[in-house]
4 protein chains.
Amino acid sequence: MRSATDPGGPVAEKGTRQSRSNTRRRIQEVALELFAEQGYEKTSLREIAEALQVTKPAIYYHYQSKEEILESIFQGVGRPVAEAIEWARGQPRTLETKRELLRRYEAALNDTVPLFRFLRQNEATLRDLQVGKEFNDQMTEIGELITDPGTPLTEQLRCMGALLTLHFGTFALPHFEGDAEEKRTALLSIATEMMERAQTPRE
Amino acid sequence: MRSATDPGGPVAEKGTRQSRSNTRRRIQEVALELFAEQGYEKTSLREIAEALQVTKPAIYYHYQSKEEILESIFQGVGRPVAEAIEWARGQPRTLETKRELLRRYEAALNDTVPLFRFLRQNEATLRDLQVGKEFNDQMTEIGELITDPGTPLTEQLRCMGALLTLHFGTFALPHFEGDAEEKRTALLSIATEMMERAQTPRE
Amino acid sequence: MRSATDPGGPVAEKGTRQSRSNTRRRIQEVALELFAEQGYEKTSLREIAEALQVTKPAIYYHYQSKEEILESIFQGVGRPVAEAIEWARGQPRTLETKRELLRRYEAALNDTVPLFRFLRQNEATLRDLQVGKEFNDQMTEIGELITDPGTPLTEQLRCMGALLTLHFGTFALPHFEGDAEEKRTALLSIATEMMERAQTPRE
Amino acid sequence: MRSATDPGGPVAEKGTRQSRSNTRRRIQEVALELFAEQGYEKTSLREIAEALQVTKPAIYYHYQSKEEILESIFQGVGRPVAEAIEWARGQPRTLETKRELLRRYEAALNDTVPLFRFLRQNEATLRDLQVGKEFNDQMTEIGELITDPGTPLTEQLRCMGALLTLHFGTFALPHFEGDAEEKRTALLSIATEMMERAQTPRE
DNA sequence: GATGAATGAGCTTTCATTCAT
DNA sequence: AATGAATGAAAGCTCATTCAT
């Protein structure tokens, strides 16, 4: 049995002898799908098991609890955001770094819309789960990385607004007409522009 | 017993025959508090009843279901937003109307932060409840009211960004240092400014 | 709903308007019977519910947990032993007091053989339940009450032997032939005699 | 694979062809430890397997069921008591034989306190397992071996008391202060003395 | 000599809800 | 206006056990 901190069982085995079972990965996939569709609370292990055509204990063979499934999804699928943050931490705090951070965040977000939509829509539920805390920490950190220390309140809020626009806007994009790529680009440039305004306070 | 479409006990009864009991109102208050604190799913009727020092069936005397409690809260406490929307519908679509709509929305939001934070944090849960739909419709309508028809994509998104910034920013304000009123004003002006930019597309 | 420390719900109501339901008492009775027959762990709430012709949640209406059922049984049915101890505590530590304590303990034991047999046969299970601790404390206290402080080891052990003989012997009595009353009397006098020997250490 | 009636791996194999594996023995050791610590029901095969750093099926390779592990422990570790009984069966029923039987029983008990404490504390659980019956039979037989046929009731009970004192006293000894050997000797002599009293009924 | 994967049965507990009083 | 008592459904989880490899 693998632990939750093992960043994803089968994934790690790639390259060695073909992993004999892909159940772990299938659980992650199906669970994310159902969590995103119905919410975390309202998705029962029975449903997950049925969707996978296995029994509940089969799930418990791979994960120690329902929460652990969620954690493994977050740690697997949510990695790109964590990487973007790590990258930004190691860079000088220039405007270009910030722009690039937004760009990378937007990319990561788009690669895993379902996960992030899910995290957003289940805040109350995830609040006391580890995952919820980690997700919040990530958001907070990105906010700090694009805001210079000592910036006046208005400009701090503007940076926050840029991030909120980018983050929540991403989920709202499907409601707008137009080419998907074009919409993404437009949203990113709005957010970036907003963030830039905060860097050069008007006199 | 009142039905779910009765626009909401306390509010409606004011001024009519002295309300026969304040239990209905107390249920709303306590329920909102608990919903906001723990989430809708994770708050059981048992908890609500205990907090009120009554029994569960006492709650069922006043409401037909758990969902109806939520609906009555939304219809009672959430009225100001509905009113702001109604007002804007009856106005000419000038820039000033839009500014005023944002102002009113911001005010309504601030008067009932707990309700709106709750609505936000329980999206997945409320999705298939009536309340969730109504809440979403409200947001969509405000978005439309501040966006002129035929506006290019970028400016549509900018309007959305303004609304997102105002809405979600309100919940994030406590994380920032400074005087509460000052923070509100700053946030509103950022959102307004953003919305204004969308009205006069640069060439 | 009554708490576990309420010494027995319905019981207390006797004398007032006939208690409308005797379910609580019936649960205690049936549970003790099944616990004694099959052990605590091996008796499921389903079985108790079925024996009572009610559903599982009906049990949870009266008790907050399986353990609480046990506690209420112990506090209700096991009271006589607690009372014997309390009585002895308030008496001078004479030989007669000790004799009387054994007498009372024997009587209490005999009034509730099933409970005590059960407690004895489920020690490992009850060890980490409150009830198990209380039961052990009772035994220890009786042991101390019949042993004078400063008594030499041998005589301490003799007192313990007296108590063990009385306690465990009671459960073994059915294996012997003879009149029930006679057997009880004989056992008590053996234990008493043993305890007396310990009071006047031989030179 | 060995059957449950094979008198018990390690013991039997000594001196024969070097035991192919010590896993069987390790399972017995660890299982007894855990059984004694937590009780039979509350100890799962998962725990045993984890403590041994093997997988559950590895245990099933050596034993056909959880119960069989217990049986093998009883038959292995509990053998001395069985031997004491067998010895006494072959002796004339003199007082000296009885004294020696108690002596041997006490010694056997002390060599395996954990097993016997466990058997005692899990009576309810073991009742319908083979082991429980065998254990009870042993106790009964010792009782019979130290009681002459035709003895009056009081003296029968006295013999039983002697055995109970010796048996249960052994588990209680740690609660008393003093040198371990000394305590054992004292307890044995009390039990022996009690048994002797039964042989020469007072007129 | 052992493992990885899985299963059927069952557990305690909680929930929203109902109904006679 | 509210209570006592109860229910059907389901939840998350654990267990002893099996079997192909």
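Here is how names work: the chains are called A, B, and so on, in the same order as the sequence lines, proteins then strands, and each is numbered from 1.
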Requested in this report: Just compare E:dA16, E:dT12, E:dA2 and give me whichever is closest to any side-chain atom of C:Lys66.
Outcome: E:dT12
**Report entry** Listed nucleotide nearest any side-chain atom of B:Pro57, set F:dT17, F:dA5, E:dA16
**Finding:** F:dA5
Query - Nearest listed nucleotide, side chain of D:His62, among E:dT13, E:dA2, F:dT7 - result: E:dA2
Report summary line: Closest of E:dA16, E:dA6, F:dC13 to the B:Ser44 side chain is E:dA16
Query raised in the report: Closest to the C:Thr55 side chain: F:dA16, F:dG8, F:dG12?
Result: F:dG8
Query raised in the report: Between F:dT14 atom C1' and A:Tyr61 atom OH, what is the distance in whole Å?
Result: 16 Å
Query raised in the report: With respect to the side chain of B:Tyr60, which nucleotide from F:dC13, F:dA16, E:dT17 is positioned closest?
Result: E:dT17
Query raised in the report: Nearest to the side chain of D:Val54, which nucleotide is it out of E:dT3, E:dT14, F:dA16?
Result: E:dT3
Report task. Would you check if there is a donor-acceptor pair between the side chains of C:Thr125 and D:Glu41 at a distance under 3.5 Å? Result -> no
Query - Most 5' of B:Ser65 and A:Arg26 on DNA chain E, judged by nearest nucleotide - result: A:Arg26
Query raised in the report: Quick one: D:Glu68 CD to F:dT18 P, roughly how many Å, whole number?
Result: 12 Å
Query raised in the report: Any donor-acceptor pair under 3.5 Å between the side chain of D:Lys56 and the base of F:dT17?
Result: yes
Requested in this report: Determine the sole option in D:Phe35, D:Phe135, D:Phe74 for which the ring pair (Phe, Tyr, Trp, His ring centres under 6.0 Å) test with D:Phe118 is passed.
Outcome: D:Phe35
Report task. Quickly work out the D:Tyr63 OH to F:dA16 C1' distance and round it to whole Å. Result -> 17 Å
**Report entry** Any side-chain donor near an acceptor of the partner, A:Gln38 and A:Glu47, under 3.5 Å
**Finding:** yes
Query raised in the report: Where the side chain of D:Tyr40 meets the backbone of D:Glu67, is there a donor-acceptor pair that is under 3.5 Å apart?
Result: yes
Report task. Could you check how far CD of D:Glu50 sits from C1' of E:dA2, rounded to whole Å? Result -> 17 Å
